[in-house]
Asker: 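Sending over a structure as structure tokens; questions will come in a sec.
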Amino acid sequence: MSRLRPAVLALGAAAAALTLSMTTAQAAPGDTVTMCGSSLTPSGYVDVQWWNSAGCGSGTFTPNSKKIMQLTGYPVGTVVNACASTWPPAGWVQVSEFYSSGCTYSAVPSFGKNSWQLKRVS
């Protein structure tokens, strides 16, 4: 059993290194990544979901985790829904706004419009 533990730890470290080596530049249109809400959303991405996770600290009920989606590479005319917690990337415009329970990114949630429908225009 003691020989197995170092092998498992090495395998886990290799998997973590592989995950860390994958950069957002390698993402295809529509790919999603989960990250802590305290991290800035990278260029070309939008927030698409928020929730509270013990993995991102806090201990409160404030949403602290988010799923982001890559928009770079979508063709002109594509329409997507995104949380209003990030600005649309260059070439995208807001065509409507609405409320989504998955986009509650504040400690004091409301039923105000917190989501956008975005369209790729250039």
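One-based numbering along the sequence shown.
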Asker: Would you say L71 ends up clustered with V79 if hydrophobic residues are merged whenever their side chains have heavy atoms under 4.5 Å apart, either directly or through other cluster members?
Answerer: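 Each belongs to a different hydrophobic cluster.
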
Asker: Out of curiosity, M35 CE to D47 CG, how far, rounded to the nearest 0.5 Å?
Answerer: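 Atom-to-atom, M35:CE and D47:CG are 8.5 Å apart.
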
Asker: Linking I/L/V/M/F/W/Y whenever their side-chain heavy atoms sit closer than 4.5 Å, directly or via other members, would M69 and W92 fall into one cluster?
Answerer: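 Linked within one cluster.
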
Asker: Once you round to the nearest 0.5 Å, how far does OH of Y105 lie from OG of S115?
Answerer: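 Reported value, rounded in 0.5 Å steps: 8.0 Å.
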
Asker: Could you check if a side-chain atom of V46 sits within less than 4.5 angstrom of a side-chain atom of P88, using non-hydrogen atoms only?
Answerer: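 The answer is no, as the side chains (C-beta and beyond) never meet within the 4.5 Å cut-off.
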
Asker: Measure the SG-CD1 distance between C83 and I68 for me, rounded to the nearest 0.5 Å.
Answerer: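 CD1 of I68 is found 11.5 Å from SG of C83.
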
Asker: Which heavy atom in Y45 sits nearest to a heavy atom in D31, and how many Å separate them?
Answerer: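 Looks like CE2-O, 4.4 Å.
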
Asker: Please verify the inter-ring angle class for F111 with Y99; under 30° counts as parallel, over 60° as perpendicular, anything in between as tilted.
Answerer: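 The rings of F111 and Y99 stand perpendicular, inter-plane angle above 60°.
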
Asker: Should W87 and W116 be marked as a side-chain contact (heavy atoms from CB on, under 4.5 Å) after you check the CA-CA gap, both sets of side-chain angles, and the distance that decides it?
Answerer: CA-CA 10 Å; W87 290 108; W116 295 332; 3.8 Å; yes

Asker: Between the side chain of N114 and the main-chain N/O of C103, is any donor-acceptor distance below 3.5 Å?
Answerer: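 Yes, the answer is positive, given that a donor and an acceptor are paired below the 3.5 Å cut-off.
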
Asker: First locate atom NZ of K67, then atom OG1 of T32, and finally report the distance between them rounded to the nearest 0.5 Å.
Answerer: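 Reported value, rounded in 0.5 Å steps: 5.0 Å.
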
Asker: Is the shortest side-chain heavy-atom distance between N64 and C36 below 4.5 Å?
Answerer: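 Not touching, per the 4.5 Å side-chain cut-off.
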
Asker: Do Y74 and V48 belong together in a cluster built from hydrophobic side chains that touch within less than 4.5 Å?
Answerer: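 Result: yes, single cluster for both.
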
Asker: How close do A82 and L118 get, counting heavy atoms only, and between which atoms?
Answerer: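 Smallest interatomic distance, heavy atoms only, reads CB-CD1, 3.9 Å.
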
Asker: Does the side chain of K66 come under 3.5 Å of the side chain of T41 through a donor N or O and an acceptor N or O?
Answerer: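 K66 vs T41: donor-acceptor pair found between side chains.
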
Asker: Specify the closest pair of heavy atoms between S65 and S53, including all atoms of both residues, with the distance to one decimal.
Answerer: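 Scanning both residues, the minimum pair turns out to be OG-CB, 3.0 Å.
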
